Amino acid sequence: MGLPDSSQDLSSEMEVDAFRKIFPLRFFERHLSESLRPDGRPLGKARDTIVNLGLVSSADGSALAKIGYTTMLAAIRMEVMTPSTDSPDEGCIAVEFHMPPICSPTVRPGRPADAAPVISKRLLDTISSCNMIDLKELCLVSGKAAWMGYLDIYCLDADGALFDAALLSAVAAFSNLQIPVVALNDNGRIVAITGEEKQDNASITEKEAVNKERRKLTLKNIPFSLTCILHKNYILADPTAEEESIMDTLVTVVLDSSDQIVSFNKSGGNALAHTSAIKSCVELAKKRGNELKQILGEMDVD
């Protein structure tokens, strides 16, 4: 009985890799015809997802979300601001999405990634339109002081479905957020109370407490998203960066906690989003939303 020919196996693997690089679309379509993808996933299945909370000790709330290799780190910093005259009883949220060169070989040092401001705006629009956060909860003193929440999301690995992972990290970071303790000082200004001051009863009594202890926000309506690729009669959920580069018609469905559609975005490609395709994407998004609810629920996210 002869031994396996390892050189022949290696040669075969090299031929497959060469075919994949030279004819990437044909390579993928061979798999799609069998309702599978090169990574072994069924067409409608998302990648394994991990969420970790509170990884940034210097932030008021933080989270890391990982979908496959796509990795996002979100951190929230709270600052006191003067509210606008139009909304004297409301705070404000700002969102910034960052793509450093470490996240992808397509991002060049010294040049901001084109996708970064687009994703920043989509994230802010999503958080605002679904009313996830009651901005009145961020009010400290009507017309005088309110919280400004700065949400920064850093893409550590950009392997497809960036918006989905960024939104998940944002939701998790807000669930982890602890509103700092502040008080009015003798001059009538809002000041932060440090841990040492909180233990010093004399210091606290000299100030009028605005909120006496760190508190969490009430997340009223949590959004979840799923990006899909439309290619011929195929629908691929949660695409990798390689899949996005080969089959460039992307559809992103955002649903809220009640499975109501928050937004539907189509970008790139010539494929038409027919009614049946839209319905299929929405159904896949509902299934994905239930998966993410379970993941966040295990972490005691409201």
Side-chain angles (χ1 to χ4, degrees), residues 17-18 20-25 27-28 37-39 46-79 92-128 148-174 176-177 225-229 236 238-252 254 265-269:
D17 289 340
R20 183 172 188 165
K21 292 178 180 179
I22 299 173
F23 305 105
L25 186 57
F27 175 82
F28 271 85
R37 293 147 85 168
D39 60 9
R47 292 168 289 178
D48 292 341
T49 302
I50 299 172
V51 176
N52 291 316
L53 302 180
L55 298 183
V56 182
S57 60
S58 59
D60 295 305
S62 63
L64 182 140
K66 189 172 183 180
I67 301 178
Y69 289 113
T70 300
T71 307
M72 302 287 171
L73 179 63
I76 303 172
R77 174 172 48 88
M78 304 298 290
E79 290 186 3
C92 192
I93 299 295
V95 180
E96 192 74 27
F97 181 75
H98 308 269
M99 293 186 69
I102 190 177
C103 76
S104 170
T106 62
V107 179
R108 298 179 181 179
R111 295 183 59 184
D114 294 337
V118 177
I119 294 178
S120 295
K121 185 178 186 305
R122 287 177 62 194
L123 287 169
L124 182 58
D125 289 345
T126 299
I127 293 172
S128 301
M148 178 76 180
Y150 293 94
L151 169 63
D152 286 287
I153 301 176
Y154 296 88
C155 180
L156 305 182
D157 195 331
D159 188 27
L162 302 188
F163 179 81
D164 300 347
L167 181 60
L168 179 60
S169 72
V171 169
F174 275 114
N176 180 247
L177 175 63
S225 69
L226 177 68
T227 296
C228 298
I229 282 180
L236 287 71
D238 181 30
T240 64
E242 183 182 16
E243 290 171 335
E244 289 182 353
S245 68
I246 298 169
M247 300 166 283
D248 57 359
T249 301
L250 298 179
V251 168
T252 300
V254 181
N265 180 271
K266 175 182 176 293
S267 60

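Please read all numbers here as calculations on a predicted model, not as lab measurements.
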Quick check: does any side chain N or O of [X] sit under 3.5 Å from a backbone N or O of [Y], one acting as donor and the other as acceptor?
X: Asp60; Y: Met78; value: yes
X: Ser62; Y: Leu55; value: yes
X: Thr71; Y: Tyr69; value: yes

To the nearest 0.5 Å, what is the distance between [atom1] ([X]) and [atom2] ([Y])?
X: Arg77; Y: Tyr150; atom1: CZ; atom2: OH; value: 6.5 Å
X: Ile76; Y: Asn176; atom1: CD1; atom2: CG; value: 8.0 Å
X: Ser169; Y: Ile67; atom1: OG; atom2: CD1; value: 9.0 Å
X: Thr126; Y: Lys121; atom1: OG1; atom2: NZ; value: 9.5 Å
X: Leu73; Y: Asp152; atom1: CG; atom2: CG; value: 10.0 Å
X: Met247; Y: Glu242; atom1: CE; atom2: CD; value: 8.5 Å

Exercise: identify the closest heavy-atom pair between [X] and [Y]:
X: Thr240; Y: Glu243; result: N-OE1, 2.9 Å
X: Ala63; Y: Ala173; result: CB-N, 3.5 Å
X: Gly160; Y: Thr70; result: O-OG1, 2.7 Å
X: Cys155; Y: Phe97; result: CB-CZ, 3.9 Å
X: Thr252; Y: Ser225; result: CG2-CB, 4.2 Å
X: Met72; Y: Ala166; result: CG-N, 3.7 Å

Does Asp159 pair with Arg47 as a salt bridge, N-O distance under 4.0 Å?
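A salt bridge is present here (some side-chain N lies under 4.0 Å from a carboxylate O).
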
Name the residue from Asn265, Asp164, Asp238 that meets the side-chain hydrogen bond (donor to acceptor under 3.5 Å, both in side chains) definition with Thr227.
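The residue from Asn265, Asp164, Asp238 that satisfies side-chain hydrogen bond (donor to acceptor under 3.5 Å, both in side chains) with Thr227 turns out to be Asp164.
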
Answer yes or no: is there a side-chain heavy-atom contact under 4.5 Å between Asp157 and Lys66?
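Not touching, per the 4.5 Å side-chain cut-off.
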
Any side-chain heavy atom of Met99 within less than 4.5 Å of one from Leu162?
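Result yes, sub-4.5 Å side-chain heavy-atom pair found.
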
How far apart are the C-alpha atoms of Phe174 and Ile93, what are their side-chain angles, what is the distance that settles it, and do they pass the side-chain contact (heavy atoms from CB on, under 4.5 Å) test?
CA-CA 11 Å; Phe174 275 114; Ile93 299 295; 4.0 Å; yes

Apply side-chain contact (heavy atoms from CB on, under 4.5 Å) to the pair Glu244 and Leu250, showing each step before the final yes or no.
CA-CA 8 Å; Glu244 289 182 353; Leu250 298 179; 3.9 Å; yes

Decide side-chain contact (heavy atoms from CB on, under 4.5 Å) for Ile153 and Ile119; before the verdict, give the C-alpha distance in whole Å, the side-chain angles of both, and the deciding distance to 0.1 Å.
CA-CA 10 Å; Ile153 301 176; Ile119 294 178; over 6 Å; no

